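Written out below as structure tokens is the structure these notes cover.
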Amino acid sequence: MSETIITVLGEHEQKRTAEHGSVRVRVMYDGSSRHETLALATQRHAELVAGLRELEEAAGGPLLRWSSDQVRVWGDRPWSQSGEQLPIVHHAELGLRAEFAEATAVSDWVSAVTLREGVSVDGVEWMLSDETREALVDEVSRLAVEDAVATARRYASALGLTELRPVALSDPGLLGDAGAPPRSPTPLGARTMSADTAGGALALAPEDIHVAVQVHARFAAS
């Protein structure tokens, strides 16, 4: 008996609450004196680094890792509203990134550093731990394949076929079907930040991280 080829898409998605938060902080000062502007920025940066080192040395602390950018110094001459070029303004900027294991630790640190002059928060990136993410991707991938098998069985049953043999399995777009529209990879994570400032305290609430997997599968049915 001849076989009928069935090609299907299997997909599955799950979500988990973010476990880690990575904060991007910028220290920036402006002024007429290059030396004074640089000194203010490096001093503030040194204060933040000292605080991070204290957290890093604390046993069982929430700080996972941190890094620092090199200082950037430049100058420009702004223009007045009347079209007159003004004296040069110097800028000094340094960046820091700190990753914490708890959302409350992110909120506490952001609340503390943003009270300091010259410090601004560029954003917070929420993520899963490597272990959780790998386990979740494995589970979602397995369920996406099961979805493909179930879909193929429904198609085969509708044709009155009972035997199903797997022929190929791939990421979307890799089976080589002529004319099949290419699919963009589905993101494995979401990067979000929400803030609740009720009561005067900054509370950063991580949203769920979504993990989605799609597969293309080909079966021979008879």
Side-chain angles (χ1 to χ4, degrees), residues 15-78 87-137 187-211:
K15 60 184 180 181
R16 292 287 189 278
T17 300
E19 299 169 316
H20 297 173
S22 181
V23 188
R24 299 182 303 278
V25 168
R26 177 167 41 183
V27 177
M28 186 170 180
Y29 279 86
D30 308 306
S32 57
S33 167
R34 185 182 187 278
H35 175 76
E36 181 178 346
T37 300
L38 178 59
L40 288 170
T42 52
Q43 179 181 354
R44 182 68 73 209
H45 178 265
E47 293 172 359
L48 297 182
V49 168
L52 287 172
R53 284 177 174 159
E54 288 182 6
L55 292 174
E56 187 177 39
E57 293 170 0
L63 180 65
L64 297 174
R65 60 187 62 89
W66 66 274
S67 61
S68 175
D69 299 334
Q70 295 293 323
V71 62
R72 294 178 57 235
V73 182
W74 73 98
D76 53 43
R77 296 189 64 183
I88 189 169
V89 176
H90 297 277
H91 311 274
E93 178 180 306
L94 300 98
L96 279 169
R97 179 184 289 266
E99 184 177 338
F100 295 88
E102 303 167 358
T104 54
V106 174
S107 298
D108 292 344
W109 191 70
V110 169
S111 297
V113 299
T114 51
L115 294 176
R116 302 176 183 232
E117 181 185 357
V119 179
S120 61
V121 176
D122 286 342
V124 178
E125 178 182 341
W126 297 106
M127 64 198 76
L128 299 171
S129 67
D130 291 341
E131 296 78 8
T132 299
R133 184 180 180 277
E134 289 177 6
L136 187 57
V137 169
L188 291 180
R191 299 177 180 180
T192 56
M193 180 182 74
S194 61
D196 179 7
T197 57
L202 180 64
L204 298 175
E207 296 184 1
D208 290 334
I209 303 295
H210 291 256
V211 173

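Given the structure is predicted, the values throughout are model-derived calculations rather than measurements.
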Point to revise | Pairwise side-chain contact, Arg97 with Glu125, heavy-atom cut-off 4.5 Å (strictly under) | key: yes
Point to revise | Close side-chain approach of Met127 and Ile209, heavy atoms under 4.5 Å | key: no
Under 3.5 Å, which donor-acceptor pairs link side chains of residues 46-60 to any protein atom two or more places apart or in another chain?
unit_1 : atom_1 : unit_2 : atom_2 : d
Glu47  : OE1    : Arg44  : NH1    : 2.6
Glu47  : OE1    : Arg116 : NH1    : 3.1
Glu56  : OE1    : Trp66  : NE1    : 3.2

Non-hydrogen atoms of [X] and [Y] that approach each other most closely:
X	Y	result
Gly75	His91	CA-CD2, 4.3 Å
Ala41	Val27	O-CG1, 3.7 Å
Ser129	Glu19	N-OE1, 2.7 Å
Trp126	Ala18	CB-CB, 3.6 Å
Thr37	Tyr29	CG2-O, 3.2 Å
Pro78	Pro87	CD-O, 3.6 Å

Approximate separation, where rounding is to 0.5 Å, of [X] [atom1] and [Y] [atom2]:
X	Y	atom1	atom2	value
Leu136	Glu131	CG	CD	13.0 Å
Arg16	Thr132	CZ	OG1	8.5 Å
Leu128	His20	CG	NE2	8.5 Å
Arg24	Leu96	CZ	CG	13.0 Å

Exercise for review: Please step through side-chain contact (heavy atoms from CB on, under 4.5 Å) for the pair Trp109 and Leu63, ending with a clear verdict.
Suggested key: CA-CA 10 Å; Trp109 191 70; Leu63 180 65; over 6 Å; no
Check your understanding: If you look only at pairs with a residue in residues 59-74, which of them pass as a salt bridge (charged side-chain N to carboxylate O under 4.0 Å, His left out), with sequence neighbours excluded?
Key -> Arg65-Glu99, Arg72-Glu93
Practice item. Report, as yes or no, whether the 6.0 Å neighbourhood of atom CZ on Arg34 holds more than 12 heavy atoms from other residues, nucleotides or ligands. Key: no
